[in-house]
Amino acid sequence: MYHEPMRSVVFGLLSALCLGAGTTADVARSIREIGFDRTECYRVRDLLISQEDIRIYLTDGYLIFSQPVAGRRVAAVFTTDVDGGDGEVLLLPSDRAERRSLAAYTDSPNLDEHIKTAVFLFTGDLYRNLTSQMGNNPANRKAPDMGRVLEEQWTPVLRNLGASYQTRMTLDLVGGPAWKQGLLAALMSGSRLGNFDLVYDPDNNEQISLGTVAVRDNRAFFNTWASFPSKSARLNPQPAAREMDLRDYRIEATVNPDLSMDVVTRVKVKAIADGIASAPFDIAGEMEVGQVTVDGVPAEVLQAESLRVNLTRFGNHLFLVTLKEPLRAGREYEFEFHHSGNVIHDAGEHVFFISARANWYPAFGVRFTTFDLLFRYPREYDLVSAGDVVEDRAEGEWKITRRRTSQPIRVAAFNLGNFEHARLERGGYVVDVCANRRLETSLQPRQIATPLPPLTGIARRRTDQLAMPPPQNEAVPSPTEHLNALAAEVANALDFMAGKFGPPALPHLTVTPIPGTFGQGFPGLIYLSTLSYFRQLPPRLNNGSLTNNLFFQDVLQAHETAHQWWGNRVAAAGYRDNWLMEALANYSALLYLEKRRGARAMDLMLETYRDNLLLKSENGQVVDSAGPIVLGTRLESSIEPRAWRAITYGKGSWIMQMLRARIGDERFTAMLGEIARRYDRKEISTDEFRSVAAGFLPPKSDDPKLETFFGQWVYGTGIPSVKMTYSVKGAAPNVKVTGTVTQSDVDEDFTALVPIEIQVARGKAVTQWVRTSDTPATFSVALKTLPLKVTLDPHHALLRK
Ligand SMILES: [Zn+2]
């Protein structure tokens, strides 16, 4: 698993706003404590909110506006609770994939819903727009009596929502002219669909998004029904521009004996846009930001909880730094953040779990930059992080470790423990594998009985789910007994990959344990499940599953090692491209597995991935049908929480496997090397990847631009059943093999290439590729001798049932 890069923080804004003496905190408080204004309540008919692709008809009902915040009305409620009351919302997603996504959640490719109520939060000129429409129709009039009712009824709802949107709306109101204008969030209650959110966010790459918060098994999901660029962005696409660039991080962190951290983060912030009055940053929710200075001048900090906005951010929380003077474009400023919090958790026996691995320091998006990291921590521990060791010494009860990265990286991580090390040098790269000296509490035999579920893909569960009952008389395996062998494995994998893809992200790679069933590969630092430190999974943790052993003992370390390239040298262009990093990392791991353990081990992993994609969901559909791989983390929805993992890792690996079959082994490896070179410290999109891959196809290939292949497997869904019949006619030297290939269980427009392998004498084989469709495909091959065997797809060249 690789942590999803923090999406660039995006906001709308009001520029020429006269705020008087209000500070950021005042504006935020006003939003949090906002109420409706009973004197601004109207009986309304036939009003229209038209924002890009969004049409909301306030046909017949009551409308009440909020009290002003910083001189602006920023919220309204529309209710149809009146005789003949009605309202309607229309949204037509711009492309087929988004219409299909919407249909998966709502049974309709378009949103056309009658609404009972709608709460609007906005920072644009909706108030002026609606009141001027009212002036044109005498049917619209003030309704003070209803104003009193609605004020009382809706103010608590608004305060609740205001708390969620407080930081975001505050930035819009005080952020300065650098930020784009006019957020509109409509939180509606539909007559058929229940509650849902429709948001227009001008500073997002996909300005329009539609979805809802859904809870399943006590877990909250944000189900994104549809998300796409607004009409004007589609007509006039602009390259994504960021407002600020961060570089040259210098972080000084103290880990206190109680494991809390006090951190000073210094970073250079270059303003790209002019007039940044308030600057937004992301940080883990566990970190509290105290004092911030900009070029030595204290700035105001606003940090608050924000459920809805943060649901989509992997625990990143937004905070604002409001400056004495707005930042000027082109100038670079020194920001100094003082932050503290608990991101290190005790798992027992001097084993620790770091909860904020990528976002323990403030960031604005993710960029390649250098890090200088200084840690001060209790002498009994070891602390490792990315980069080359500059300093490592003891001072009284403390140890001090300083590391500096020799190359720009995207994320700097660290780990704490009481480690035993195994260091190896291979091909000019240093591998340092750290093992805990003891097992964490939850892995102690008396704590555990339930075996792991058969799993593939990279789990994101935590140790608490591994902690289980009764005692067993089993010898406690030591996490260090396998250390040297593990270090050799990591060094071998690194060497294998460096031989194919070029230098890794950093010349020094530290591998460290983390409690749980997952791994995470950051530049120069890998978190590896403590289960991977066993020579073999203890029987009490495993139900004899060979795939579990392959996963923890072979694939996981190689997958995280592969992220040194995929994700940390080459980055994904956006959330729709992030699957590439996982698929490339996992397939690189499978290539290493194939070399290390043979083709059968790789086949076994691929077969398990296929089986997981074919598991049935509650709706009777298979997991694969949850959506195309390019939906990224949107696949992790309440409909099928397993889909994101099964599709990203499993189908992603199959996509690479099928491409390799089409391209050929040697050219496929060359293609990976070419991507590593061409996109070194750059971002790659899915379409750019398609284009590079197509360039490596053998001459005269069917589907030479791979557009059909990508349409089917990357932008579409479906796993076919394929069957073959054939007959042999004639005698040597005039033999003819003719046959038919039929597909089923997929849509009629599904098509795939299937290899038919015809074995002729002396171990030689002829491969004929056949393109399937909804009608049976025929093939005919002339041979000089009788075939020994005719086989459909003998080497997993096609993902099929
Ligand atoms: Zn990964």
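- Residues Leu556 and Glu560 form a side-chain contact, since some pair of their non-hydrogen atoms from C-beta on lies under 4.5 Å apart.
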query = What do the steps show when you test Glu489 against Tyr592 for side-chain hydrogen bond (donor to acceptor under 3.5 Å, both in side chains), and what is the final call?
reply = CA-CA 10 Å; Glu489 279 297 306; Tyr592 177 68; 3.2 Å; yes
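- Taking every heavy atom of both residues into account, Trp713 and Leu798 meet most closely at CZ2-CD1, 3.6 Å.
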request  = Using the side-chain contact (heavy atoms from CB on, under 4.5 Å) rule, take Asn484 and Leu424 through it: C-alpha gap first, then chi angles, then the decisive distance, then the call.
outcome  = CA-CA 9 Å; Asn484 288 323; Leu424 278 177; over 6 Å; no
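- Centroid-to-centroid, the aromatic rings of Tyr649 and Trp644 come within less than 6.0 Å.
- Listed by chain and number, the residues in a side chain to side chain donor-acceptor pair (under 3.5 Å) with Glu607 are Arg600, His796 (sequence neighbours excluded).
- Glu688 places a side-chain N or O within 3.5 Å of a backbone atom of Ser685 that can act as its donor or acceptor partner.
- Listed for the Arg219 side chain is no donor-acceptor partner under 3.5 Å among the backbone atoms of Ser638.
- Residues Val722 and Leu792 approach most closely at O-CD2, 3.6 Å, considering heavy atoms.
- Distance check, rounded to the nearest 0.5 Å: OG1 of Thr751 to CG of Asp702 gives 7.5 Å.
- A distance-only check finds no donor-acceptor pair linking the side chain of Ser637 to the backbone of Phe222 [under 3.5 Å].
- The backbone N or O of Pro408 sits less than 3.5 Å from a side-chain atom of Arg681, completing a donor-acceptor pair.
- The residues Asp554 and Arg596 are annotated as not salt-bridged, no charged nitrogen and carboxylate oxygen being separated by less than 4.0 angstrom.
- Separation of the Phe668 and Tyr587 ring centroids falls under the 6.0 Å cut-off.
- Between His559 and His563, the ring-plane angle classifies as perpendicular under the 30° and 60° cut-offs.
- The aromatic ring centroids of Phe371 and Phe414 lie 6.0 Å or more from each other.
- With hydrogens and angles disregarded, a donor-acceptor distance shorter than 3.5 Å links the side chain of Asp703 to the backbone of Glu707.
- Among all heavy-atom pairs drawn from Trp769 and Ala661, the shortest one is CZ2-O, 3.5 Å.
- For Arg403, the side chain to side chain donor-acceptor pair (under 3.5 Å) criterion is met by no residue, not counting sequence neighbours.
- Atoms OH and CG, from Tyr533 and Asn436 in turn, are 7.0 Å apart once rounded to the nearest 0.5 Å.
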request  = Applying side-chain contact (heavy atoms from CB on, under 4.5 Å), run through Trp579 and Thr686 and close with a yes or a no.
outcome  = CA-CA 9 Å; Trp579 72 273; Thr686 299; 3.1 Å; yes
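- At distances below 3.5 Å, at least one donor-acceptor pair connects side-chain atoms of Asp382 with backbone N or O atoms of Phe419.
- No donor-acceptor pair closer than 3.5 Å links the side chain of Arg610 to the backbone N or O of Leu799.
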request  = In sequence, state the C-alpha distance, the side-chain angles, and the governing distance for Arg357 and Asn415, and then conclude on side-chain hydrogen bond (donor to acceptor under 3.5 Å, both in side chains).
outcome  = CA-CA 9 Å; Arg357 296 177 291 280; Asn415 203 352; over 6 Å; no
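- The heavy-atom pair separating Ser355 from His345 by the smallest distance is OG-NE2, 2.8 Å.
- Enclosure of atom NZ in Lys801 by more than 12 non-hydrogen atoms of other residues, nucleotides or ligands within 6.0 angstrom is indicated.
- The backbone N or O of Ala488 sits less than 3.5 Å from a side-chain atom of Asn492, completing a donor-acceptor pair.
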message = Pair Ser101, Arg634 - check side-chain contact (heavy atoms from CB on, under 4.5 Å), show working.
response = CA-CA 10 Å; Ser101 169; Arg634 285 169 60 184; 3.3 Å; yes
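- Taking both residues in full, the closest heavy atoms of Thr717 and Asp624 are given as CG2-O, 3.6 Å, listed atom of the first, atom of the second, then distance.
- Note that the CG atom of Leu580 and the CD1 atom of Ile684 stand 6.0 Å from one another [nearest 0.5 Å].
- Heavy-atom minimum distance, Met581 versus Val570: SD-O, 3.2 Å.
- In this structure, the side chain of Asp282 does not engage the main chain of Ala363 through any donor-acceptor pair within 3.5 Å.
- Here the OG-CE distance, from Ser653 to Met602, works out to 8.0 Å after rounding to the nearest 0.5 Å.
- Here the CG-OG1 distance, from Leu753 to Thr708, works out to 8.5 Å after rounding to the nearest 0.5 Å.
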task = With side-chain contact (heavy atoms from CB on, under 4.5 Å) as the test, would you mind laying out the steps for Phe750 and Gln712 before giving the verdict?
result = CA-CA 7 Å; Phe750 194 95; Gln712 211 75 84; 3.3 Å; yes
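- In terms of modelled atom types and a separation under 3.5 Å, the side chain of Arg216 and the main chain of Ile639 share a donor-acceptor contact.
- In this structure, the separation between CG on Leu509 and OH on Tyr429 is 11.5 Å, given to the nearest 0.5 Å.
- Salt-bridge check for Asp680 with Arg569: passed, with a basic side-chain N closer than 4.0 Å to an acidic carboxylate O.
- Qualifying salt bridge (Lys or Arg N to Asp or Glu O under 4.0 Å) partners for Asp793, counting only residues two or more places apart in sequence or in other chains: Arg800.
- A centroid separation of less than 6.0 Å is found between the aromatic rings of Trp360 and Phe375.
- Just one of Thr561, Val511, Val430 meets the side-chain contact (heavy atoms from CB on, under 4.5 Å) condition when paired with Leu494; it is Thr561.
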request  = Applying side-chain hydrogen bond (donor to acceptor under 3.5 Å, both in side chains), run through Glu757 and His795 and close with a yes or a no.
outcome  = CA-CA 9 Å; Glu757 193 180 276; His795 305 299; 3.0 Å; yes
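- Among the candidates Thr405, Asn568, Leu525, the single residue satisfying the side-chain contact (heavy atoms from CB on, under 4.5 Å) test with Leu506 is Thr405.
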